[in-house]
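These notes are about the structure you will find just below.
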Amino acid sequence: MQIWVDADATPNPVKAILYRAAERVGIALTLVANQPLQVPSSARIRSVRVGAGFDVADDYIVAQAQAGDLAITSDIPLAAELVAKGCQVLSPRGEAFTPETVRQRLNMRDFLETMRASGLETGGPPAFSQADRQAFANALDRLLARAARDAPESP
């Protein structure tokens with residue numbers, strides 16, 4: 001398993017949790033963004049800067065991620081593509097995306113987009129909170145523990 005992060009919109013507290021987790025469990029962590037990122041010096045952690053443009057980072061993650069990898073994103077269309085590819089996907093708020101939940105979220109996103117196009121102000125998501133940070137850390141720990149438990153033993 002490798003962890004892929006849609007880093008442009010991922011809150012810094014989530015990145016810090018991921019840095020610690022990558023070192024603790026010995027897993028490769030790649031942050032993808034269209035701007036330069038400061039990441040800790042580690043053989044397990046790297047950043048990839050992609051070109052500017054709509055969905056360039058998303059396209060890179062989809063092209064590189066493999067079934068069984070973990071991705072962190074709040075981008076619902078990206079989550080849908082990764083779930084379809086067999087990846088596990090978490091939002092920075094700790095929500096696990098499944099084929100069912102990602103379909104529901106896509107429908108809601110499309111509905112809200114239609115509402116905004118008609119002039120209705122729908123507002124954005126609430127500010128990232130300590131509770132969100134804790135929910136993400138707990139979801140990540142559960143997922144990594146399950147992955148370690150399910151991994152084949154080394155000879």
Tell me, please, which residues at least two apart from Q134 pass side-chain hydrogen bond (donor to acceptor under 3.5 Å, both in side chains). N138
Let me confirm one number: the CG-OH distance from N34 to Y60, rounded to the nearest 0.5 Å. 14.0 Å
Residue set satisfying side chain to side chain contact (heavy atoms under 4.5 Å, CB included) with D59, at least two apart, ordered chain then number -> D55
Checking T98 now: which residues fulfil side-chain hydrogen bond (donor to acceptor under 3.5 Å, both in side chains) with it, not counting sequence neighbours? E100, T101
Apply side-chain hydrogen bond (donor to acceptor under 3.5 Å, both in side chains) to R46 and list each qualifying residue two or more places apart in sequence or on a separate chain. T30
Just jot down the side chain to side chain contact (heavy atoms under 4.5 Å, CB included) partners of E81, sequence neighbours excluded, or say none. V62
Under the side chain to side chain contact (heavy atoms under 4.5 Å, CB included) rule, collect the residues that match up with V56, sequence neighbours excluded. V50
Nearest heavy-atom neighbours spanning L37 and A7: CD1-CB, 3.6 Å
dist I3:CD1 -> I72:CD1 (nearest 0.5 Å) comes out at 6.5 Å
Joining Ile, Leu, Val, Met, Phe, Trp and Tyr whenever any side-chain heavy atoms lie under 4.5 Å apart, the cluster holding F54 also takes in none
Only residue of V48, D6, D75 satisfying side chain to side chain contact (heavy atoms under 4.5 Å, CB included) with I61 is D6
Would you name the heavy atoms of F97 and A79 that are closest together and state the gap between them? CD1-CB, 3.8 Å
Any residue meeting salt bridge (Lys or Arg N to Asp or Glu O under 4.0 Å) with R133, in chain and number order, not counting sequence neighbours: none
All side chain to side chain contact (heavy atoms under 4.5 Å, CB included) counterparts of R103, not counting sequence neighbours: P99, N107
Any side-chain to backbone donor/acceptor pair from D69 onto C87? Under 3.5 Å, distance only. no
With sequence neighbours left out, which residue pairs that include part of residues 15-25 fulfil the side-chain hydrogen bond (donor to acceptor under 3.5 Å, both in side chains) condition? E23-S42, R24-D141
Contacts of type side-chain hydrogen bond (donor to acceptor under 3.5 Å, both in side chains), residue R93, not counting sequence neighbours: D132
